[in-house]
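Counting from 1, the numbers follow the sequence of the chain as shown.
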Amino acid sequence: MAYLGEEIKKLGFGLMRLPKKNDESIDVEQVKQMVDLFLSKGFTYFDTAWAYPGSEDAIRQALVERYPREKFQLATKNAAWINCKTREDAIAQFETSLKQTGAGYFDFYLLHNLGEGRTKFFEDFDMWNFVFEQKKAGKIKHVGFSFHSTPEELEEILNKHPEAEFVQLQINYADWENHAIQSRGVYEVARKHGKPVVIMEPVKGGMLANPPDAVAEVFKKANPDASLASWAIRFSASLDGVITVLSGMSNLEQMQNNTSYMENFQPLNESERETVKEAQRVMATIPIIPCTTCNYCAKVCPQNIGISGSFTAMNILTLYRDLEKAKHQEEWLVKWHDKKPAGDCIKCGACEKVCPQHIQIRKELVNVHKALG
């Protein structure tokens with residue numbers, strides 16, 4: 001199906017988690033193999049970002065310098081909220097991306113990670129006008145933005161910037177009704193505004209390739225031969241209005257698996273949709289901290305503890321048994337949002353008096369501190 005005049009298959013190659021060598025540099029030779037297989041199966045969409053260390057340079061070597069430019073679509077992003085003091089600093093990211101990729105132009109260019117305090121940087125630096133100027137100059141084909149926040153804030157941005165051509169959203173079956181992510185809510189806002197959607201994190205950073213045992217059992221019972229990751233990607237790809245679904249593939253084996261079932265993509269049938277709903281029901285029974293991220297607690301905390309962020313990280317550890325991912329989530333939601341860690345709680349109890357879910361917040365913060373440090 002064509003979106004924005006482009007014929008794009010429903011699997012995109014996310015370049016955030018490229019394979020690494022022992023010295024932690026990107027394994028460009030393996031990336032070349034992955035690119036070759038991806039293109040040979042008819043897939044064409046590659047997604048990188050200025051903020052992904054080494055990614056733009058690697059895709060220049062593995063893709064841009066080895067294939068005709070018209071054979072693929074390349075997307076990258078501008079993170080004006082990272083180390084930018086002036087409009088010129090933000091514009092410099094665009095020029096750097098052009099140089100690092102060697103692409104000449106970008107098929108899809110995104111303002112990176114709008115939401116919360118990050119949105120204002122793009123407004124303050126007048127980046128919306130800049131990117132559309134670059135579109136007129138032929139250096140960008142399509143302008144959009146990626147987004148990690150609430151449906152209400154997405155509504156506000158799309159009302160203010162109806163010129164945005166597409167939106168990139170975190171959508172997967174585990175986060176569909178997750179109060180912290182609100183996948184369904186943001187998806188419905190984007191579609192209400194008629195915006196095509198690029199989906200990111202369909203496998204939740206790889207965690208849905210290894211979901212809780214009870215969830216995995218639901219999928220294996222329905223189809224023993226299908227990979228657990230395939231259920232996650234096909235769920236997202238089956239939604240209406242989707243340009244493509246990005247998978248951050250980290251090795252050739254993952255590329256082989258994903259292209260095998262997406263080469264001739266078939267949307268979930270009725271029976272498969274019921275299987276996913278059953279998996280969601282099972283996941284909802286796993287006891288986690290029932291935080292809805294209303295953040296009433298944050299308004300009264302004298303220590304500025306990142307309570308909801310800490311609980312989101314702890315829930316990831318409970319559900320997916322992935323300490324590294326949980327710590328990464330805590331760093332993003334607590335440290336990067338200028339909040340203090342769970343261990344700084346003084347146990348005053350002010351938070352518990354305003355919590356609508358009646359969570360024993362002081363006790364749970366102790367557990368978070370023990371588990372995540």
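- A donor-acceptor contact under 3.5 angstrom links the side chains of Thr44 and Gln73, judged on distance only.
- When each of Phe166, Tyr3, Phe108, Phe72 is tested with Tyr45 by the rule ring-ring contact (aromatic ring centres under 6.0 Å, His included), just one qualifies, namely Phe108.
- In this structure, OG1 in Thr244 is found 10.0 Å from CD in Gln168, a value given to the nearest 0.5 Å.
- Between the side chains of Asn210 and Tyr320, no donor-acceptor pair is found at a separation under 3.5 Å.
- Ser149 and Glu116 form no side-chain donor-acceptor contact under 3.5 Å, judged by distance and modelled atom types alone.
- Counted within 6.0 Å of CG on Asn159, heavy atoms from surrounding residues, nucleotides or ligands total more than 12; the atom is thus considered enclosed.
- Proximity of Gln30 to Met34: side-chain heavy atoms (C-beta onward) are separated by under 4.5 Å at one or more points.
- Distance check, rounded to the nearest 0.5 Å: CZ of Phe13 to CD1 of Ile59 gives 6.0 Å.
- Between atom NE2 of residue His179 and atom CD1 of residue Ile181 there is a gap of 12.0 Å, rounded to the nearest 0.5 Å.
- For the atom pair Ile359 CD1 and Ser308 OG, the distance stands at 10.0 Å (nearest 0.5 Å).
- Ring pair Trp332/His337 is perpendicular by interplanar angle, where above 60° counts as perpendicular and below 30° as parallel.
- Nearest heavy-atom pair, Thr48 versus Ser55, reported as atom, atom and distance to 0.1 Å: OG1-OG, 2.6 Å.
- Rounded to the nearest 0.5 Å, atoms CG (Leu268) and CD (Gln266) are 10.5 Å apart.
- Salt bridge Arg17/Glu201: present, at least one basic N to carboxylate O contact under 4.0 Å.
- Panel note: side chain Ser236, backbone Pro202; no donor-acceptor pair is recorded below 3.5 Å.
- Salt bridge present: Lys277 and Glu274 bring a charged side-chain N and a carboxylate O closer than 4.0 Å.
- In this structure the side chain of Gln170 reaches within 4.5 angstrom of the side chain of His148, judged on heavy atoms.
- Of the inter-residue distances, the one linking Leu111 atom CG with Asn113 atom CG reads 11.0 Å to the nearest 0.5 angstrom.
- Closest heavy-atom contact between Pro212 and Met283: CD-CE, 3.9 Å.
- Residues Glu133 and Asn129 have side chains that never bring a donor and an acceptor to within less than 3.5 angstrom of each other.
- Other residues, nucleotides and ligands place more than 12 heavy atoms under 6.0 Å from the CD atom of Glu70.
- Atom NZ of Lys220 has more than 12 heavy atoms from other residues, nucleotides or ligands within 6.0 Å.
- Residues Ser25 and Asp23 have side chains that bring a donor and an acceptor to within less than 3.5 angstrom of each other.
- Remark: Lys363 engages Gln360, Asn367 in a side-chain contact (heavy atoms from CB on, under 4.5 Å) (not counting sequence neighbours).
- The side-chain heavy atoms of Phe122 and Phe145, taken from C-beta on, include no pair separated by under 4.5 Å.
- With hydrogens and angles left out, the side-chain atoms of Ser247 and Gln254 include no donor and acceptor closer than 3.5 Å.
- Between Arg273 and Glu270 there is a salt bridge, since at least one side-chain N of the basic residue sits less than 4.0 Å from a carboxylate O of the acidic one.
- Counted by atom type alone, Lys135 and Tyr109 present zero donor-acceptor pairs between their side chains at under 3.5 Å.
- Residues Leu18 and Asp27 form no side-chain contact, since every pair of their non-hydrogen atoms from C-beta on lies 4.5 Å or further apart.
- Within the 4.5 Å cutoff, the side chain of Leu239 has no heavy atoms near those of the Val197 side chain.
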| message | Run Val368 and Glu330 through side chain to side chain contact (heavy atoms under 4.5 Å, CB included) and show every step you take. | response | CA-CA 10 Å; Val368 170; Glu330 183 190 37; 4.1 Å; yes

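- A 6.0 Å sphere centred on CD of Glu253 holds no more than 12 heavy atoms belonging to other residues, nucleotides or ligands.
- Relative orientation of the Phe130 and Phe94 rings is perpendicular, given thresholds of 30° and 60° on the angle between their planes.
- Around the CD atom of Glu217, the shell of radius 6.0 Å holds no more than 12 heavy atoms that belong to other residues, nucleotides or ligands.
- When all heavy atoms of Asp107 and Lys141 are compared, the pair lying nearest together is O-CB, 3.2 Å.
- In this structure, Trp128 and His161 have parallel ring planes: the angle between them is below the 30° cut-off, well short of the 60° mark.
- A side-chain donor from one of Tyr67 and Asp36 sits under 3.5 Å from a side-chain acceptor of the other.
- Between Ala180 and Thr312, the closest heavy-atom pair is CB-OG1, 3.8 Å.
- Counting only residues at least two apart or in different chains, side chain to side chain donor-acceptor pair (under 3.5 Å) contacts with residues 279-292 comprise Glu278-Arg281.
- In this structure, Phe147 and Leu114 approach most closely via the heavy-atom pair CD1-O, 3.3 Å.
- For Tyr296, the OH atom sits in a loose shell: 12 or fewer heavy atoms of surrounding residues, nucleotides or ligands are nearer than 6.0 Å.
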